[in-house]
Amino acid sequence: MTSAPRWVTASAPAKTNLLLHVGSPTPDGYHPLETLFVAVDLRETVTAALDPALVGTGVPVTVEPAPGSEYARMVEQGAARLSDIPLDGQNLAVRAALAVRDVVGVPVPGLTLHVRKAVPVAGGMGGGSADAAAALVAVNELLAEHLGTAPLTPGKLSRLGAGLGADVPFMLLGGAALGRGTGTELEPVPTSAQLHLVFVPQDRGLSTPAVYRRWDDAHDLPGTGAPDPVPAQALAALDPADPEALAALVRNDLQAPAVELLPALADVLDHGAKLGALAGWVSGSGPTVCFLAHSADAAEHLVRAFSHEGRRALATAAPVPGARVDARG
Ligand code: ATP
């Protein structure tokens, strides 16, 4: 008989939005979205461990850059600060762990979390949301096995995730999906595509609320109305994969406000186009810039060309699976 694990490690992907259409804010200030998400092969890893000595206390969290990741190089070179990540009850992984613990309800032993970050912080790739998704999965599995109870269902985890952040349900699901509402109403999109992407992270983050405020300033409010739907051609371009067709349809309504706040992004986008990228866009609310390449070789060529000029760039693939358990012990 195997005994219940004392720790569980789960991972969850970053994301980019191939299309991100924004509508006028509702009276409570939320912008309705129509978006096409893809999960990106850059994973955050969260280990949840039992610590009986911590009964009744909060959930201590430690964070390290994932060894060998571009984010680790950014931290080493002073281009990113680990101190930008909260280590208290604001940390999204901690909030996720507490959410699961609250639902389980019965007294449970104390928990600790360790996060290995590979996704640049405040980059528009949803790294914090990935931490939350990985923590939801890790803590759910750990507590269910410890207590000998059924784990929370994927639907329940997704609802808990939506309470933590609009991107968290997608990080749980992975693959490709249409997102509506604030991005939490998901419809999986069948895809046989393997997209070759290149991300160019920036040395400073952009605040998502600041980008939306800029979008508001540029639109006559109220009256812009509902976001444009994601066209059926964009879904068709994922199955079977047609990167050229997809490249022609890529659109991010938050790109213009992000570029206004950080004009250097326009140069990065121009440069990628000159280097032969099929398409380039600001990822989510930015400032990471994402490029679509023809092939894995073309993506590596782009990375080398950017690196020659002293810019950071990393090649990765999409779509990939959502949050999942990777190890236990
Ligand atoms: P989004 O587009 O969803 O806003 P993002 O990729 O631009 O996401 P994140 O890396 O998720 O940005 O971080 C946004 C902010 O969330 C950070 O500035 C940080 O203060 C806060 N935060 C809370 N928990 C975490 C976490 N585990 N990792 C990173 N940031 C976190």
Side-chain angles (χ1 to χ4, degrees), residues 10-17 20 22 30-31 33 35 37-40 42-48 58-66 69-72 74-75 80-99 112-136 138-139 161-172 179 182-184 199-215 252-255 257-258 261-262 265 281-290 323:
S11 66
K15 60 87 189 169
T16 189
N17 308 72
L20 177 54
V22 179
Y30 280 101
H31 293 78
L33 305 177
T35 188
F37 286 111
V38 276
V40 171
L42 192 60
R43 299 183 81 85
E44 298 281 82
T45 305
V46 175
T47 299
V59 177
V61 62
T62 48
V63 181
E64 69 167 332
S69 66
E70 190 60 36
Y71 179 66
M74 290 173 78
V75 171
R81 286 177 315 203
L82 263 189
S83 58
D84 286 344
I85 302 165
L87 295 178
D88 55 12
Q90 305 268 337
N91 189 292
L92 283 162
V94 172
R95 291 180 54 207
L98 291 172
T112 61
L113 296 175
H114 182 66
V115 179
R116 283 175 158 200
K117 284 201 82 68
V119 181
V121 175
M125 300 173 73
S129 302
D131 295 346
L136 285 171
V139 174
L164 302 169
D167 293 335
V168 180
F170 177 68
M171 304 324 199
L172 290 165
T182 57
T184 60
F199 285 92
V200 179
Q202 306 299 307
D203 286 0
R204 53 166 281 204
L206 269 180
S207 140
T208 303
V211 175
Y212 273 106
R213 276 197 299 277
R214 200 73 176 203
W215 185 93
N252 179 3
D253 291 352
L254 295 179
Q255 180 161 312
L261 290 170
L262 212 50
L265 296 181
W281 63 95
V282 169
S283 186
S285 55
T288 304
V289 176
C290 184

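Keep in mind the model is a prediction, meaning the values are calculated, not measured. In listed order, ligands and their atoms are each counted from 1.
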Please tabulate, for the side chains in residues 113-124, all donor-acceptor contacts under 3.5 angstrom to protein atoms that are two or more places apart in sequence or on a different chain.
from, atom 1, to, atom 2, distance (Å)
His114, ND1, Thr62, OG1, 2.6
His114, NE2, Glu64, OE2, 3.0
Arg116, NE, Glu64, OE2, 3.0
Lys117, NZ, Glu44, OE2, 2.6
Lys117, NZ, Asp131, OD2, 2.9

Ring geometry between Trp215 and His31 (parallel below 30°, tilted from 30 to 60°, perpendicular above 60°):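 Rings of His31 and Trp215: perpendicular, as their planes differ by over 60°.
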Counterpart residues, side-chain hydrogen bond (donor to acceptor under 3.5 Å, both in side chains), relative to Thr35 (two or more places apart):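 Asn17.
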Contacts of Asp84 that satisfy salt bridge (Lys or Arg N to Asp or Glu O under 4.0 Å) - sequence neighbours left out: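 Arg81.
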Minimum-distance pair of heavy atoms, taken over all atoms of Ala66 and Ala72: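 Here Ala66 and Ala72 meet closest at O-CB, 3.4 Å.
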Anything under 3.5 Å between an N or O on ligand 1 and a protein N or O? List each pair with its distance, or write none.
from, atom 1, to, atom 2, distance (Å)
ligand 1, 3 (O), Asp167, OD2, 3.2
ligand 1, 4 (O), Thr208, OG1, 2.8
ligand 1, 6 (O), Gly124, N, 3.2
ligand 1, 6 (O), Met125, N, 3.1
ligand 1, 6 (O), Gly126, N, 2.7
ligand 1, 7 (O), Gly123, N, 3.4
ligand 1, 7 (O), Gly124, N, 2.8
ligand 1, 10 (O), Ala122, N, 2.8
ligand 1, 11 (O), Gly128, N, 2.8
ligand 1, 12 (O), Ala122, N, 3.3
ligand 1, 24 (N), Leu92, N, 3.0
ligand 1, 27 (N), Asn91, OD1, 3.3
ligand 1, 27 (N), Asp131, OD2, 2.8
ligand 1, 28 (N), Lys117, NZ, 3.1
ligand 1, 28 (N), Asp131, OD2, 3.2

Test item: side-chain donor near acceptor, Thr288 and Ser283, under 3.5 Å: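 Per modelled atom types, Thr288 and Ser283 side chains form no pair under 3.5 Å.
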